[in-house]
**Student:** 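Provided herewith is a single structure, encoded as structure tokens, for subsequent inquiry.
Every value quoted in this text rests on a predicted model; they were computed, and no experiment measured them. Count residues from 1 along the sequence.
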Amino acid sequence: MTRLSSLLSLLLLVGLSSAFVFFPKTQNIKPTFLSATEEKSVDTVLELLEKRLKDGSLTDKEKNIALIETESLLKHLDHVASAPQYTETQLKTAVSNMDADAISHMLQSGLEMDEETTDAAFWTVINAINTAEAQDMPLSANVTQMIHHIFEADHRHLLTREKQTTNLTCMQPDDSQGVAGAARKMNYIFDDGDHKNLPLTEGRRCEGGTCCEECSRNIFPTFATDEESNLETFPELVSLTFNDLEKTSAATIVQFVRLVERVRRTIAHEYGLPLSTILPLQAYSRKYVAGTTQKGGGGGEGDFVTLHTDEATHSGYHYSCVIYLSTQGKDFEGGNFVFNDPADESEETASTNVQEDEEENLDDVKALFEALQRGEELPDTDMIVPGVDDLDPSVSLEELEDNIRKAGRSLTPFRPTRGAAVIFSSGWENMHEVEKITSGVRYAVPAFFTTCPVPDQAYEQMNVGKPKTNEDIADDWLHLLLAHRKEEPIESVGRVKELLMKWHYMCTPLSEH
């Protein structure tokens, strides 16, 4: 081992570039059996090598780091080489027997759970949960260890699927525009339609949190497979909320958590954040029904969602996601998810006057609408409003409103399909809306994540704080998710609060706490 370590370190320090030319860092060549920590060690060694080859020298500190990291890597490789060799058949057998320890050893040896094996593991877990409940027994620690393996495999599978990313400049409200800016903010507060006119400046607000300084929007056409988003298999997904799980099957509860956790891991990966710093703040199923008006909170039925910014809705919303459980053109019509951005310069030139006049004559626009609604002739006005001048009598009020909504804006619609997801930073760079559903029913799962830390005092005030053993994790899963008990509203609120604060500890192995 010492000779091997010395050899690798010598190659690094002497700078024999020909020995490494086949392993550039940009190709991200790493063995699949390396852990996240070991992958970081590989990155460190390669960065130092790159510096040695470019600059011709390393500091004493960098030399010591290289020696330590290469020694650590070689120890791991020696461990892998001496570990027992397993087969895919043995892995499938361990999954069917729910032998979590054996599965852990096999995964550490380099085996991977493919999608078929992962799906089998999921149903093995569900059978174990249902059996424990039927026999009024505690939940086995094997169950939650298996769930952790499923979560890890899910994320790895997702990394192989199609993803469409648009990188953006982060935006936040501009507090430097004096009285005029304050007036525009008041318009925004009292008129949802004026949200697009809120004065903005570059930067990430991320109140109370530790967000990445880069912003984006990501579309995953196949975030969940057909089986994972099947409403016949998981019927309660159409209206699930963590506050009411009494009559929800264990399969649907675990599947819902599985999807939310997949989003959380994707956010950590996409934005380079430690997984432990990201927690769900809210997640629920939402039903959009043509011809209805939303009442109450975000989970209520309705046929559209007005233009908004998630972080403006709740300052703790730092990353957002929508997972779709139905398909446009099959289950419903209309209902596009739309990112609403300022038009680029070429588009904006054609509509600048329109946009300015619209803002300056907001009262006149409202008077115009009221006149149209009463069936009166258009009032005499000099303002320029898209769709108003030379108005065709056949133009409806809805069409007129839509033309004004689009003035000076660049709209990017996404047509939902079952299993797709949109994941994005929650700031003002990602203003969005849902267009009106004209027929059918549209099901989706909105989820919002925060990077605000939970103070240790909050855990200390719980009856049972952070889990310290695998059995503790299993107990939390049982009592916070799978107990199927009737609760008073105040009880469910407390349970859900504890669930969300403990989410990372429940969804990862002890080694990652």
Side-chain angles (χ1 to χ4, degrees), residues 113-123 125-126 147 150-166 216-241 248-249 251-270 280 282-289 299 305 319-339 412-424 432 434-435 437 439-449 507:
M113 291 168 55
D114 59 21
E115 291 190 19
E116 179 183 353
T117 304
T118 305
D119 187 59
F122 173 83
W123 290 109
V125 162
I126 299 307
I147 289 174
I150 292 168
F151 290 165
E152 291 166 4
D154 281 347
H155 179 60
R156 184 170 46 78
H157 299 154
L158 184 64
L159 294 179
T160 67
R161 299 176 190 162
E162 180 185 357
K163 180 191 69 167
Q164 303 159 13
T165 297
T166 302
S216 67
R217 58 187 64 151
N218 305 274
I219 295 173
F220 294 83
T222 312
F223 185 81
T225 64
D226 287 343
E227 292 78 10
E228 292 171 337
S229 56
N230 191 322
L231 297 182
E232 293 183 0
T233 305
F234 307 106
E236 302 97 336
L237 277 182
V238 302
S239 59
L240 191 147
T241 167
T248 305
S249 68
T252 299
I253 294 171
V254 177
Q255 181 63 12
F256 188 80
V257 172
R258 183 183 181 187
L259 293 174
V260 174
E261 176 63 10
R262 191 177 305 175
V263 176
R264 189 175 79 102
R265 291 174 184 244
T266 302
I267 291 170
H269 178 81
E270 292 297 326
Q282 190 173 34
Y284 54 88
S285 300
R286 172 151 185 192
K287 181 180 180 182
Y288 302 77
V289 183
V305 178
Y319 295 96
S320 305
C321 174
V322 184
I323 305 170
Y324 296 98
L325 303 177
S326 49
T327 299
Q328 187 187 74
K330 178 182 177 182
D331 304 305
F332 63 92
E333 298 292 344
N336 284 332
F337 179 98
V338 180
F339 286 111
T412 306
F414 174 71
R415 296 167 177 81
T417 57
R418 181 161 67 89
V422 181
I423 299 176
F424 52 96
H432 57 280
V434 176
E435 293 180 335
I437 297 170
S439 66
V441 180
R442 176 185 185 270
Y443 295 106
V445 176
F448 307 95
F449 297 79
C507 293

**Student:** Please check if the side chain of Thr166 supplies one atom and the backbone of Arg217 the other of a donor-acceptor pair under 3.5 Å.
**Tutor:** no

**Student:** Evaluate the criterion side chain to side chain contact (heavy atoms under 4.5 Å, CB included) for residue pair His432 and Phe337; output intermediate values, then yes/no.
**Tutor:** CA-CA 7 Å; His432 57 280; Phe337 179 98; 3.6 Å; yes

**Student:** Do Lys287 and Ser239 have side chains that approach each other closer than 4.5 Å (heavy atoms only, starting at C-beta)?
**Tutor:** no

**Student:** Is a side-chain N or O of Arg262 found less than 3.5 angstrom from the main chain of Phe223, in a donor-acceptor match?
**Tutor:** yes

**Student:** Can you list everything that forms a ring pair (Phe, Tyr, Trp, His ring centres under 6.0 Å) with Phe449? Sequence neighbours excluded, please.
**Tutor:** none

**Student:** Donor-acceptor pair, Glu261 side chain versus Arg258 backbone, under 3.5 Å?
**Tutor:** no

**Student:** Determine, using ring centers only, whether Phe339 and Phe414 are less than 6.0 Å apart.
**Tutor:** no

**Student:** Would you check if the side chain of Thr222 reaches a backbone N or O of Thr225 as a donor-acceptor pair within less than 3.5 Å?
**Tutor:** no

**Student:** Please report the closest heavy-atom contact between Ile126 and Ala251, naming both atoms and the distance.
**Tutor:** CD1-CA, 3.7 Å

**Student:** Could you tell me if Arg418 sits above the aromatic ring of Tyr324, with its cationic atom closer than 6.0 Å to the ring centre and no more than 45 degrees from the axis?
**Tutor:** no

**Student:** Under a plain distance cut-off of 3.5 Å, with no hydrogens placed, do Asn336 and Gln328 share a side-chain donor-acceptor pair?
**Tutor:** yes

**Student:** Apply side chain to side chain contact (heavy atoms under 4.5 Å, CB included) to the pair Ile267 and Ile423, showing each step before the final yes or no.
**Tutor:** CA-CA 8 Å; Ile267 291 170; Ile423 299 176; 3.9 Å; yes

**Student:** What residues, two or more places apart in sequence or in another chain, satisfy ring pair (Phe, Tyr, Trp, His ring centres under 6.0 Å) together with Phe151?
**Tutor:** none

**Student:** Assess whether side chain to side chain contact (heavy atoms under 4.5 Å, CB included) is satisfied between Leu158 and Thr266, documenting all intermediate values.
**Tutor:** CA-CA 8 Å; Leu158 184 64; Thr266 302; 3.1 Å; yes

**Student:** With distance as the sole test, does Arg442 use its side chain to make a donor-acceptor pair with the main-chain N or O of Val289 at under 3.5 Å?
**Tutor:** no

**Student:** Please find the pair of heavy atoms, one from Cys507 and one from Arg265, that lie closest to each other, and give the distance.
**Tutor:** O-NH2, 2.9 Å

**Student:** Hey, does Thr248 have a side-chain heavy atom less than 4.5 Å from the side chain of Phe256?
**Tutor:** no

**Student:** Would a distance-only check, ignoring hydrogens and angles, find a side-chain to backbone donor-acceptor pair under 3.5 Å from Glu236 to Ser249?
**Tutor:** yes

**Student:** Could you give all pairs that pass the salt bridge (Lys or Arg N to Asp or Glu O under 4.0 Å) test and reach residues 322-336, with sequence neighbours left out?
**Tutor:** none

**Student:** For the pair Ser216 and Asn218, evaluate side chain to side chain donor-acceptor pair (under 3.5 Å) and give the outcome as yes or no after the intermediate values.
**Tutor:** CA-CA 7 Å; Ser216 67; Asn218 305 274; 3.3 Å; yes

**Student:** Could you pull out the closest heavy-atom pair between Val441 and Ser326, with the gap in Å?
**Tutor:** O-OG, 4.0 Å

**Student:** Going by the angle between their ring planes, with limits at 30° and 60°, are His155 and His269 parallel, tilted or perpendicular?
**Tutor:** perpendicular

**Student:** Of the non-hydrogen atoms in Ala153 and Thr118, which two are nearest, and what is the gap between them?
**Tutor:** CB-OG1, 3.5 Å

